[in-house]
Protein chains: 2
Amino acid sequence: MSSDERPALRVTISDVAAAAGVSRATATRALKGEGRFAPETQERILAEAERLGYVRNTMAAELAAGRTGTVGLMLRDASNPAYGLLFSRLQDEAHRRGLDLVTVTIGADEQGAEQVNALHRLLGMRVAGLIVATGGITAAQLAPFADQVPIVRAGRVETAEGIHTAHYDDPSHGELLASHVLSLGHSRVVVLSGAEDVSLAEHLRATAMEQTLRAGGASVTLLSVGAAPTDGVDEALDAVRAGATAVMCASDYRQLAVMRALRDAGLSVPGDVSVTGCDGILPGADLLGLTTLRIPVEAVAAAAVETMQRLLSGSDADAVPTVRQPFVGTLVPGTTAAAL
Amino acid sequence: MSSDERPALRVTISDVAAAAGVSRATATRALKGEGRFAPETQERILAEAERLGYVRNTMAAELAAGRTGTVGLMLRDASNPAYGLLFSRLQDEAHRRGLDLVTVTIGADEQGAEQVNALHRLLGMRVAGLIVATGGITAAQLAPFADQVPIVRAGRVETAEGIHTAHYDDPSHGELLASHVLSLGHSRVVVLSGAEDVSLAEHLRATAMEQTLRAGGASVTLLSVGAAPTDGVDEALDAVRAGATAVMCASDYRQLAVMRALRDAGLSVPGDVSVTGCDGILPGADLLGLTTLRIPVEAVAAAAVETMQRLLSGSDADAVPTVRQPFVGTLVPGTTAAAL
DNA sequence: GTGAAAGCGCTAACAA
DNA sequence: TTGTTAGCGCTTTCAC
């Protein structure tokens, strides 16, 4: 081949321009199809770009243009199907709306330093917006940037001004499940949940469960434990042996752990004890007959992206009042909880 | 406050340098802690950066430096737990090794155009390396860049020269499962799989199953169907009614679909028919007693990242022969497949 | 319709 | 130890 061959990723727009016999300015315009240029010129430029294997250097382009076309997504560890699905739906929705997403993740068990690091990586790219789908980052850490770049929290509630949300209405979830259990006639119930600083969602659910149950006249044993699904399972079993007829878990993972323990202990579900969970997105949950609550992942994802797009296109960002959008899931009756 | 206040993300290194009374070059060095500078000078610069809320513009930095510190990850839709877990493990491993990952995803059902678009977005960022965890992108599309940037495929096998892999040994997986089924005494078996162009992994597994079964003297009905888990389920049931005693599914999703259909048809598992799957990463699979094969996600992720790091640090990239690393999972006997 | 020129924010020799 | 000077690759007025 001719001597104008360069390794694909080192072809610059100057190379393309030169090969097409035009200036860089013209090449830029033709390549993005904006501004004025002769159709035949564009054709030639496009052909040369193709031939040379030109890939625009995004960093240079966005630096020069002074703006970014991508939205940053901070995601919690995706090994949890609830986050995996949220991730997937956010991605789909962003794609549908023509937004480019670039994602960084932080392990679920990371310390604050990692979270901040990830945040800075995204901000360093000067993303046009930020979708935060991890509880690990605090409002205080986000706040300084809220007036620079639109920030939408997806999944978790947020009270800080200027940070928008599309979130699960976890108190309602807890209430719905508790009402169901009450309606089945249970009056001695164990509530198993992660502590507030371990999982805000679980905490909110569990608190609502407890309140609803007590309001319904039931006696409640609240177990507020660590992050591991097996934490507190033994205590829950003890409570069952002591007469509790239902175990309400603040997440499906805990529910599975409880059911394993129950099976190993020779207790039957729902014969000896009813068990409920929350999340409802495990594939195969139906085969297990899990009584749970399906969280509205799709609605949250759609609202988060839609909000982001609106903020992005809004001429005056500060003119928009902080958006708060709670979504309620649907109860999945299942067969692991039955009437007394 | 003083008049040197600018919105956080608009503070440049010049602002920091000016505030600290030094040149930009000194600020650069002090900020990254490389090169020579007086400790006290650095202290001052760091303090000013902190005070002004300076966040380095990564695009500008990497453009100027001529290199990137991040590795791009192309991921398939994470709503499938197998990909979600792979994603999570790749991320963990990268973090452990000090590599920064930036991810773009493509829906599982996307056309080629989207995949190429995603690839270009990553290449446009001039990532230092590329980890590809989606089957949707072909070797031909990757090849032009393989000598520019190290490329490692994670999960799926690859034959193209210059593209490294850490992949599941799916033929072995099929063989292991089929041997298990044979050892249980089954001789009339249905194999349910996605077609080759739908899922290479499923195809490889199914092909191996078929061969192993036939070699073992069994008669095989191979159903090569579409991507939807319910595809081919009816036909599989027909085959069961016609005398087949085992249904081998090329993925857990199909296995679940088959079990639902069997349940609805009033057939018992494994009483009337044995069922096997493949993947083994569904939470709760143990409670269902699924007979399946756990794919070695962790090993693949670790090997992929380790290979990437090696390629990145290797002075002479082309000196490294193409790396191929197949990993075999472990059989999970379960209770959905039993002896005849 | 096209090109020349001035940067975007930062880094990296090379001087000083 | 610090500052000066060139750019990195691209976009974008503003003339022509």
Side-chain angles (χ1 to χ4, degrees), chain A residues 6-46 48-49 52-70 120-121 123-128 148, chain B residues 6-45 48-49 52-69 120-121 123-128 148:
Chain A
R6 283 154 138 284
L9 294 177
R10 298 217 183 110
V11 177
T12 74
I13 201 171
S14 299
D15 297 326
V16 175
V22 298
S23 72
R24 288 189 333 217
T26 302
T28 295
R29 286 184 295 246
L31 248 14
K32 48 186 341 199
E34 287 172 7
R36 320 190 171 297
F37 48 79
E40 50 185 39
T41 309
Q42 182 187 35
E43 206 169 319
R44 197 154 25 96
I45 293 171
L46 256 31
E48 287 302 326
L52 297 174
Y54 172 68
V55 177
R56 180 203 271 104
N57 185 323
T58 322
M59 299 184 297
E62 303 194 321
L63 179 59
R67 55 193 150 57
T68 325
T70 58
H120 276 219
R121 270 175 53 215
L123 291 175
M125 298 172 73
R126 294 301 187 269
V127 289
Q148 294 300 302
Chain B
R6 283 154 138 282
L9 295 176
R10 297 215 184 109
V11 178
T12 73
I13 201 170
S14 299
D15 297 325
V16 175
V22 298
S23 72
R24 288 187 339 215
T26 303
T28 294
R29 285 182 294 241
L31 248 15
K32 50 186 340 199
E34 285 171 9
R36 319 189 171 297
F37 48 79
E40 50 185 39
T41 308
Q42 181 187 35
E43 206 169 318
R44 194 154 28 95
I45 294 171
E48 286 303 325
L52 297 174
Y54 171 69
V55 177
R56 178 200 274 108
N57 185 322
T58 323
M59 299 183 298
E62 302 193 323
L63 179 59
R67 54 190 151 58
T68 322
H120 276 213
R121 270 177 51 217
L123 292 175
M125 298 172 73
R126 295 300 188 271
V127 290
Q148 294 300 304

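Naming: A, B, ... by sequence-line order, numbering from 1 per chain.
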Could you tell me whether the phosphate oxygens of C:dC10, OP1 or OP2, come under 4.0 Å of any side-chain nitrogen or oxygen in B:T28?
no

Using the closest heavy atom to pick a nucleotide of DNA chain C for each, name whichever of B:K32 or B:A60 lands nearer the 5' end.
B:A60

Sub-4.5 Å side-chain heavy-atom contact between B:R24 and B:V16
no

Closest listed nucleotide, where the reference is the side chain of B:R56 and the choices are D:dC10, D:dT4, C:dT11:
C:dT11

If I take atom CZ in residue B:R10 and atom C1' in nucleotide C:dC10, what distance separates them, rounded to the nearest angstrom?
18 Å

Any side-chain heavy-atom pair from A:V55 and A:V11 closer than 4.5 angstrom?
no

Could you tell me how far apart A:D15 (CG) and D:dC8 (P) are, to the nearest whole angstrom?
12 Å

Would you indicate what A:A25 reaches in the nucleic acid, counting non-hydrogen atoms under 4.0 angstrom: base, sugar-phosphate, or nothing?
base

Does a side-chain N or O from B:T12 land closer than 4.0 Å to OP1 or OP2 of C:dC8, or not?
no

Upstream residue (5' side of DNA chain D) when B:A65 and B:G35 are each assigned their closest nucleotide:
B:G35

Distance check needed: C:dG9 P versus A:M125 CE, whole Å only.
17 Å

So what does B:R29 hit on the nucleic acid, given a heavy-atom distance under 4.0 Å: a base, only sugar-phosphate, or nothing?
base

Please confirm whether the shortest side-chain N or O distance from B:R24 to OP1 or OP2 of C:dA12 is below 4.0 Å.
no

To the nearest Å, give me how far apart CD (A:E34) and P (D:dT12) are.
8 Å

Counting the atoms with a prime plus P, OP1 and OP2 as sugar-phosphate, which does A:L63 contact under 4.0 Å by heavy atoms, base, sugar-phosphate, or nothing?
base

Can you tell me the distance, in whole Å, between the OH atom of B:Y54 and the C1' atom of C:dT11?
11 Å

Minimum heavy-atom distance A:T12-A:Y54, with the two atoms named
C-CE1, 3.6 Å

Rounded distance in Å - CZ (A:F37) to P (D:dT12)
14 Å

Distance below 4.0 Å between A:T26 side-chain N/O and C:dT2 OP1 or OP2:
no

When the distance from CD of B:Q42 to P of D:dT1 is rounded to whole Å, what number comes out?
12 Å

For atom CE of B:M59 and atom P of C:dT11, their distance in whole Å:
13 Å

In terms of heavy-atom contacts, A:I45 and A:A20 come closest through CG1-CB, 3.8 Å

Sub-4.5 Å side-chain heavy-atom contact between A:R10 and B:Q148:
yes

side-chain N/O A:R67 vs D:dT11 OP1/OP2, d < 4.0 Å
no

For a quick test of reading the model: is some side-chain N or O of A:R36 closer than 4.0 Å to OP1 or OP2 of C:dG3?
no

